Amino acid sequence: MRYLSTRDSKTAVTVETAIASGLAGDGGLYTPELIPHIPATEAMLDMSYGQRAAAVMAPYLDGWGTATLEGFADLAYGGQKYDSPTPAPVNKIHDGAYMLELWHGPTCAFKDMALQMLPHLLVKSLRDTGEKRTACILTATSGDTGKAALEGFCDVNGTAILVFYPRDGVSDIQRLQMTTQRGGNVMVVGVNGNFDDTQTGVKSIFSDPEMRAFVGERSSFFSSANSINWGRVLPQIVYYFSGYLDLVKSGAVTLGDSINVCVPTGNFGNILSAYFAKKMGLPIARLICASNSNDVLTEFINSGVYNRNRKFHTTFSPSMDILISSNLERMLYLLSDYDSAFIGRLMSELASNGFYKVPDSISGVMRENYYAGCCDDRRTLATIKSCFNEYGQLLDPHTAVAYAVYSDYRRETLDSTPTLIVSTASPYKFCGAVLEALGKICDSADQIQVLESLANIPAPKQLFELRDLKERFNGIVDSSGMARAVMDWIGG
Ligand SMILES: *Cc1c(COP(=O)(O)O)cnc(C)c1O
């Protein structure tokens with residue numbers, strides 16, 4: 001299967017090149033030229049998560065073989081890495097509403113589901129393409145990708161990783177997780193700015209010919225661990241299949257029955273993976289796209305106008321504080337039937353005017369597939385409180401946004417189709433907000449313990465231990481200084 005750049009369909013590469021390079025040279029996102037059909041079958045019901053991963057991913061990875069992929073899945077999802085019997089357990093909250101819990105991995109957020117797998121995909125891609133240079137992985141994070149990428153790539157041969165995070169845009173625990181990272185090939189730098197500034201900075205370093213030459217002379221090249229890399233999106237398709245199969249196994253639905261999914265969304269990577277699962281044949285009826293006060297996607301799905309000219313809100317769900325959702329580009333590429341000239345026009349309008357409008361034909365299909373809604377901070381906290389009081393479920397703020405929008409959807413449409421609500425982070429990662437929701441204000445050093453005494457789930461020990469680790473990285477730059485930071489890192 002070939003992968004095409006969203007900005008020039010004539011640029012067609014193998015999956016190995018797509019994964020090794022992350023972003024196409026023209027700034028486009030590599031997208032598979034077709035979507036294979038893989039029905040969820042009886043036989044998959046008794047498979048382990050790793051076996052399901054191999055079955056779902058294999059058609060996208062020509063010639064890699066199921067045995068190789070099962071081996072990778074063992075490394076990514078096996079052993080003691082997850083504090084649950086399966087990496088992505090499904091947990092019923094009430095009739096029709098099921099949490100797909102994706103935060104049982106090493107960094108307590110759903111990013112682990114892809115970033116534990118990506119290094120294996122990338123290292124094999126480097127080997128298969130005969131690449132001898134070092135892959136310098138530049139990563140912009142809104143909080144969770146950074147730590148998950150550092151953990152995934154820490155001391156992986158042939159790679160080095162630099163993470164940029166928005167200095168005031170992440171929670172205390174998220175920052176500490178990154179600045180205390182161990183490993184000889186890692187670097188972490190704060191940026192004065194928000195996530196969009198950080199992501200835009202990284203993307204422009206990627207496509208800057210001088211920067212590419214600079215790294216080339218040092219026997220290196222840029223790659224990405226952001227969801228612009230197809231190797232991030234692919235492993236995320238797996239848990240939609242797995243969640244569905246587990247619903248069938250538990251008797252909540254019958255094989256073949258439809259479900260909905262509800263996804264707390266920022267960069268549109270997670271919900272794009274759900275769309276791929278649907279197109280592969282998984283019976284997903286509606287994709288519910290939940291945003292926080294940064295409601296650019298809500299407006300887009302409801303009106304066809306994408307407009308980033310609006311106030312940027314710093315919220316309790318920082319991993320969704322995004323106004324430029326990169327992966328929407330892949331979605332529109334699919335819906336426009338791979339019209340790269342059209343995508344190129346939209347993206348240059350977005351870059352120069354900050355907005356674009358898609359034709360009614362496309363926004364109509366968007367609305368058939370998606371429902372979109374948003375939830376502000378006040379309601380996020382109220383939702384955390386009510387879910388805890390009514391169902392004994394402690395939600396992190398991102399998951400609470402999803403639950404609130406799911407409730408709106410159900411009230412508005414009276415659609416009671418069983419719904420997988422994607423639970424993207426451990427509540428312990430956002431202790432401050434969760435405690436505030438429950439009306440308990442305490443010293444930040446005691447938060448994890450106080451929360452643990454209230455909740456009925458144990459706190460992940462890696463978060464407890466953060467306090468005792470030394471901070472290794474304290475560099476902060478302006479967004480104009482990001483290229484310099486990359487040069488110092490690679491050159492020094
Ligand atoms: C990254 C993240 C999101 C948003 O996911 P996208 O793929 O960027 O849409 C939501 N919740 C949490 C906790 C995250 O870390």
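Since this is a predicted model, take the numbers as computed values, not measurements. Read the numbers this way: they start at 1 and go in the same order the structure lists the ligands and their atoms. All heavy atoms count here, side chains included; hydrogens, waters and symmetry mates do not.
The nearest protein atom to atom 10 (C) of ligand 1, hydrogens excluded, is given as P264 O, 3.5 Å; this is a heavy-atom distance. The shortest contact between atom 7 (O) of ligand 1 and any protein heavy atom is with N270 N, 2.9 Å. Of the protein's non-hydrogen atoms, N267 N, 2.8 Å is the one closest to atom 8 (O) of ligand 1. Atom 9 (O) of ligand 1 has G266 N, 2.8 Å as its closest protein atom, hydrogens excluded (heavy atom only).
Of all atoms in ligand 1, numbered sequentially from 1 with element shown, those under 4.0 Å from a heavy atom of G269 are 6 (P), 7 (O), 9 (O). Atoms of ligand 1 found under 4.0 Å from any heavy atom of T424, numbered from 1 in the order shown, are 10 (C), 11 (N), 12 (C), 13 (C). Numbered from 1 in the order shown, with element, the atoms of ligand 1 that lie under 4.0 Å from a heavy atom of T265 read 9 (O). Applying the 4.0 Å criterion to heavy atoms of D144 picks out, from ligand 1, the atoms 12 (C), 13 (C), 14 (C), 15 (O). Taking a cut-off of under 4.0 Å to the non-hydrogen atoms of A425, the atoms of ligand 1 that pass are 13 (C). Distances below 4.0 Å separate heavy atoms of F110 from the following atoms of ligand 1: 1 (C), 2 (C), 3 (C), 5 (O), 7 (O), 14 (C). Distances below 4.0 Å separate heavy atoms of K111 from the following atoms of ligand 1: 1 (C), 2 (C), 3 (C), 14 (C), 15 (O).
Nearest heavy-atom pair, L121 versus G231, reported as atom, atom and distance to 0.1 Å: CD1-O, 3.9 Å.
Formation of a donor-acceptor pair under 3.5 Å by the R232 side chain with backbone atoms of A225 is found in this model. R379 places a side-chain N or O within 3.5 Å of a backbone atom of A404 that can act as its donor or acceptor partner. Checking side-chain atoms of H398 against main-chain N and O of S319 turns up a donor-acceptor pair under 3.5 Å.
Ring pair F316/F430: centre-to-centre distance not below 6.0 Å. Taking the six-membered ring wherever Trp is involved, the centroid distance between the rings of W230 and F276 falls below 6.0 Å. Aromatic pair F72/H120: ring centres closer than 6.0 Å.
Ion pairing between E299 and R308 fails under the 4.0 Å rule for side-chain N and carboxylate O.
Backbone and side-chain nitrogen or oxygen atoms of M320 are examined, and none is located within less than 3.5 angstrom of a nitrogen or oxygen of ligand 1.
The closest approach between a heavy atom of S227 and any atom of ligand 1 is not below 4.0 Å.
For the residue pair N292/T315, the side-chain donor-acceptor check at 3.5 Å is satisfied.
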